[in-house]
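Nothing here was measured: the structure is a model prediction, and the numbers come from that model.
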Amino acid sequence: MAENAWNSCDPEKVSLAYTPESTWRNRAEFISGRAEIVGFLTRKWERELEYRLIKEVWIHAENRIAVRFAYEWHNADREWFRSYGNENWEFDEAGLMRKRIASINDLAISDADRKFHWDRSGPRPEDHPSLSDLNL
């Protein structure tokens, strides 16, 4: 569900998975609360065009989950990137995420090196390879 929400590139929709006072560290940026989450995601998806994300749960215990992910996108100059990362999530009693810690690295790729190909109007298709299937 998190992957599908993020692939929607709808900041308001994504923000509803987080507590109103949720805190994030995204790379070196610190974000607090839904309004800042919406602002951050709006800026992100204005810059990261044709965004496509794949997530995989790495491990979970109690109210915490570690996830690895990769996403592909291009900038306004049509330069493509694959961004790799890990996230740590902590949830409240209602199942909303109250803490997100993300470490991310960007790799410039050519259009021919892209691996994430699906129609942007919907979620990743069920038969599209996972990160593990793609050896990422």
Side-chain angles (χ1 to χ4, degrees):
M1 289 184 343
E3 177 183 306
N4 289 345
W6 279 69
N7 276 324
S8 77
C9 296
D10 181 338
E12 293 286 341
K13 177 180 177 179
V14 172
S15 75
L16 297 177
Y18 301 89
T19 64
E21 67 283 348
S22 183
T23 59
W24 288 17
R25 181 190 50 77
N26 194 89
R27 301 176 190 247
E29 189 169 350
F30 294 83
I31 300 151
S32 182
R34 282 187 182 155
E36 287 186 20
I37 290 169
V38 169
F40 169 82
L41 293 174
T42 299
R43 291 187 308 277
K44 172 185 178 61
W45 290 320
E46 287 172 349
R47 181 177 72 250
E48 296 178 357
L49 306 172
E50 293 192 51
Y51 178 94
R52 289 174 179 84
L53 165 76
I54 299 177
K55 289 185 181 278
E56 283 188 7
V57 173
W58 190 251
I59 192 166
H60 61 87
E62 299 173 13
N63 67 333
R64 292 183 175 158
I65 298 175
V67 175
R68 66 189 198 95
F69 62 88
Y71 59 91
E72 292 180 349
W73 57 281
H74 70 79
N75 61 20
D77 295 327
R78 300 243 0 128
E79 298 167 317
W80 281 94
F81 298 86
R82 185 175 306 118
S83 300
Y84 298 94
N86 297 291
E87 292 177 305
N88 298 314
W89 300 342
E90 182 178 271
F91 296 88
D92 71 2
E93 300 74 26
L96 296 175
M97 196 181 304
R98 67 176 158 216
K99 184 178 283 189
R100 175 182 174 267
I101 302 167
S103 298
I104 308 168
N105 298 297
D106 302 319
L107 174 68
I109 60 173
S110 70
D111 183 55
D113 289 332
R114 293 177 50 218
K115 297 182 181 291
F116 301 177
H117 299 279
W118 64 84
D119 184 350
R120 282 285 309 127
S121 66
R124 178 171 55 106
E126 295 281 331
D127 62 348
H128 190 283
S130 68
L131 292 180
S132 293
D133 294 334
L134 294 166
N135 293 316
L136 298 176

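Put simply, the side chain of Asn7 gets close to the backbone of Leu53: a donor and an acceptor are under 3.5 Å apart. With Asn63 contributing its side chain and Phe91 its backbone, the two residues share a donor-acceptor pair below 3.5 Å.
Contacts classified as salt bridge (Lys or Arg N to Asp or Glu O under 4.0 Å) and involving residues 11-38 (residues at least two apart or in different chains) are given here: Arg27-Asp106, Glu29-Arg43. The salt bridge (Lys or Arg N to Asp or Glu O under 4.0 Å) analysis of residues 86-101, with sequence neighbours excluded, yields the pairs Lys55-Glu87, Arg64-Glu90, Glu87-Arg100, Glu90-Arg98, Glu93-Arg98. The salt bridge (Lys or Arg N to Asp or Glu O under 4.0 Å) analysis of residues 119-131, with sequence neighbours excluded, yields the pairs Glu3-Arg124.
Remark: Ser110 engages Asp113 in a side chain to side chain donor-acceptor pair (under 3.5 Å) (not counting sequence neighbours). Take Asn75 and apply the side chain to side chain donor-acceptor pair (under 3.5 Å) test, not counting sequence neighbours, and it matches Glu79. For Phe40, the ring pair (Phe, Tyr, Trp, His ring centres under 6.0 Å) partners at least two apart in sequence or on another chain are Trp24. Residues satisfying the side-chain contact (heavy atoms from CB on, under 4.5 Å) test with Asp133, not counting sequence neighbours, are Pro129, Ser130. With sequence neighbours excluded, no residue forms a salt bridge (charged side-chain N to carboxylate O under 4.0 Å, His left out) with Asp77. Remark: Tyr51 engages no residue in a side chain to side chain donor-acceptor pair (under 3.5 Å) (not counting sequence neighbours). Trp80 meets the ring pair (Phe, Tyr, Trp, His ring centres under 6.0 Å) test with His74; sequence neighbours excluded. Applying the ring pair (Phe, Tyr, Trp, His ring centres under 6.0 Å) test to Phe81 and every residue at least two apart in sequence or in another chain returns Trp73.
For the atom pair CG (Leu134) and NZ (Lys115), the distance works out to 6.0 Å, reported to the nearest 0.5 Å. Atoms CD1 and CG, on Ile104 and Asn86 in that order, are 9.5 Å from each other to the nearest 0.5 Å. For the atom pair SG (Cys9) and CD (Glu50), the distance works out to 10.5 Å, reported to the nearest 0.5 Å.
Ion pair Arg52/Glu72 not flagged as a salt bridge, since none of the NZ, NE, NH1 or NH2 atoms sits closer than 4.0 Å to an Asp/Glu carboxylate oxygen.
Clustering of Ile, Leu, Val, Met, Phe, Trp and Tyr side chains at separations under 4.5 Å places Trp58 together with Ile59.
No side-chain heavy atom of Lys44 sits under 4.5 Å from any side-chain heavy atom of Asn26. Using a 4.5 Å cut-off on side-chain heavy atoms (C-beta onward), Trp45 and Asp10 make no contact. A 4.5 Å side-chain heavy-atom check between Trp6 and Val14 finds at least one atom pair inside the cut-off. Counting only heavy atoms from C-beta outward, the side chains of Leu136 and Phe116 approach each other to under 4.5 Å.
Cluster membership check: Trp89 shares its hydrophobic cluster with Val57, using side-chain heavy-atom separations under 4.5 Å among Ile, Leu, Val, Met, Phe, Trp and Tyr. A continuous path of Ile, Leu, Val, Met, Phe, Trp and Tyr side chains, each step under 4.5 Å between heavy atoms, connects Leu41 with Val67, placing both in one hydrophobic cluster. Under the 4.5 Å side-chain contact rule for hydrophobic residues, Leu16 and Val38 do not share a cluster. Connection of Leu131 to Trp118 is established within a shared hydrophobic cluster, with ILVMFWY side chains joined at heavy-atom distances below 4.5 Å, either directly or through further cluster members.
Residues Ile31 and Ile37 approach most closely at CG2-N, 3.7 Å, considering heavy atoms.
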